[in-house]
Amino acid sequence: MSTLHNPRSTLHALEPMGRGTPEVESLTSYFCRLAYSHGMTAQKLADWVVAHFEQSVCQKYGWHQRSFSSMSPESEQWAAWLAALTGIASLDQHTLAPWRAVLGTPGLAPKSDRWCPCCLAEDKETGDEPYLHLAWDVAPVTVCLRHKVQLATTCPHCQRTNVRNRSAVVVPGYCTSCGGFLGDAETEPATPEALWTARQVGLMLQAAPKVAPTGLVPLLETVIERMADGRPSTFASRYGFSKSGISHWLNKGGIPTLKAWLTIALHGGIGLDKLFAGDIEGWEPPLTPVQMSIELPESPRAGIKSRELDWDTIRAQLQALLQEPEPVSVHQASERLGVDRKNLYLRANIETRALADRYQRHRASVGAQRQARLQAQISNVLDERLEAGYEGMSARDIWNRLDTEAQSVPGIFHHISQVIDSRRT
Ligand SMILES: [Zn+2]
Ligand SMILES: [Zn+2]
């Protein structure tokens, strides 16, 4: 296989922090560090990215009012845009977007910005760039597992809240209001319960879930089967859920909140990472369930579908598209392979950017050829008319003598004037 041409990235190929660990960096933080590395404000970079992808900008919209690290499609879009511009794949792992199919929204977003002062101080001491953790943007997490302290919300220097990243200019770790170091904040020790929750969410954030949206009901059915002998009403009363809530999950596409999953993890004695990986084959809840004779025609595990695409094959297909004589755009590739464009940039970054790069070069050269053809045609008309003894030709005279294709080129009168002017000098 030939080596793949990896186009130079448009923005710095900044390495994200803590990938694949419970201390994974949030995309908000990555974005701020990226802007800082380019000597730009976060606001300016956000405006530039939006303009680059030709999206309309609402001027009043502060960049920090956009959603960078959440479960929303907008976060996923930003991850894909930044992956396209930096050449760093899988930036959606720095958002909660991969959990959209398994986690309900209520209670997920914190009411104000939090951080662990000890983590920031440690980054600074060891000479690393302080960064913000994705876990700090998950509301049920209230403590730092590493330092066993509560997360802070108030700047120790100016006593203000929401001063972590809600400003045009952000340097992660420093107050956006007074510029003081947020790692100086004092905190209280964490409770064991809060540490348990932080540990669960940390395990969850290490890897994207593998349960497909279609696999959620079979997973929940297995949970209810193992924890309450398959009886939803017993399950509801035993673990403090409402019966209508359970019915909503099983029959109406409802998605359990993180708090509900934590309840399942706690009482079921199973990690969130295992639950979301659908890795529950040998799972036995700690409570001995009342034995009931339930007929199970097949293993419940069989119904839990994995949504993993075969990326090795997709990459090979993209490489084949790169070899086609006619350059293929990312849009066309996405349609031919039936894979979303965002995912192509996130999971097959080099191949996708190579396609985009080749297509852009092709477009540019087609444009240049068209331009050259047009100028030659204008020159010819001008030569003919001058030879025939005409002087002082207007642009409109020339336009009337061009063919229809040339006449329809945008800015045609500008091109004609340019040729006329070049003759005068
Ligand atoms: Zn910490
Ligand atoms: Zn401050």
Side-chain angles (χ1 to χ4, degrees), residues 15-33 35-36 41-43 62-65 68-70 93-96 108-207 258 262 271-273:
E15 221 31 73
M17 307 276 204
R19 179 170 279 194
T21 76
E23 294 170 358
V24 57
E25 180 173 26
S26 71
L27 194 67
T28 306
S29 171
Y30 181 80
F31 182 79
C32 293
R33 292 195 304 114
Y36 188 68
T41 65
Q43 183 66 56
W63 79 271
H64 49 87
Q65 286 162 282
F68 275 75
S69 303
S70 74
Q93 287 176 15
H94 300 268
T95 76
L96 296 175
L108 195 63
K111 292 201 170 63
S112 64
D113 296 341
R114 295 103 40 88
W115 62 90
C116 168
C118 305
C119 281
L120 295 176
E122 202 171 282
D123 288 341
K124 199 178 158 197
E125 268 161 37
T126 53
D128 292 325
E129 233 177 311
Y131 73 95
L132 311 174
H133 299 200
L134 183 56
W136 301 345
D137 291 344
V138 180
V141 175
T142 56
V143 299
C144 170
L145 187 63
R146 177 192 286 266
H147 297 104
K148 303 188 171 40
V149 294
Q150 292 179 22
L151 299 180
T153 55
T154 311
C155 169
H157 305 283
C158 69
Q159 315 304 326
R160 291 200 170 94
T161 54
N162 288 328
V163 288
R164 204 188 62 181
N165 55 258
R166 291 169 202 251
S167 161
V169 189
V170 182
V171 183
Y174 293 85
C175 174
T176 54
S177 178
C178 74
F181 184 50
L182 297 175
D184 296 331
E186 296 204 353
T187 59
E188 300 290 314
T191 63
E193 294 78 16
L195 285 170
W196 179 85
T197 301
R199 189 178 125 73
Q200 287 301 322
V201 174
L203 288 172
M204 174 188 111
L205 294 179
Q206 284 187 114
L258 178 54
L262 286 166
L272 285 187
D273 53 335

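Please read all numbers here as calculations on a predicted model, not as lab measurements. Each ligand, and each atom within it, is numbered from 1 in the order the structure gives.
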| Under 2.8 Å: N/O/S of Cys116 next to the Zn ion (ligand 1) | yes
| task | Specify whether an N/O/S atom of His157 falls short of 2.8 Å from the Zn ion (ligand 2). | result | no
| query | Just by modelled atom types, is the Gly179 backbone N or O under 3.5 Å from a matching donor or acceptor in the His157 side chain? | reply | no
| Apex the Zn ion (ligand 1); atoms Cys119 SG and Cys144 SG; angle rounded to 10 degrees | 110°
| remark: So the angle subtended at the Zn ion (ligand 2) by Cys158 atom SG and Cys155 atom SG, rounded to 10 degrees, is 110°
| Arg166: which of Thr176, Thr161, Asp113, Thr28 passes side-chain hydrogen bond (donor to acceptor under 3.5 Å, both in side chains) | Asp113
| query | Cut-off 3.5 Å, side chains only: do His147 and Glu122 have a donor facing an acceptor? | reply | yes
| task | Examine distances only and state if a side-chain atom of Arg114 and a backbone atom of Ala152 form a donor-acceptor pair shorter than 3.5 Å. | result | no
| query | In His147, which N, O or S atom comes closest to the Zn ion (ligand 1)? | reply | ND1
| said: One pair to check against salt bridge (Lys or Arg N to Asp or Glu O under 4.0 Å): Glu25 and Arg33. What are the steps and the verdict? | reply: CA-CA 11 Å; Glu25 180 173 26; Arg33 292 195 304 114; 2.7 Å; yes
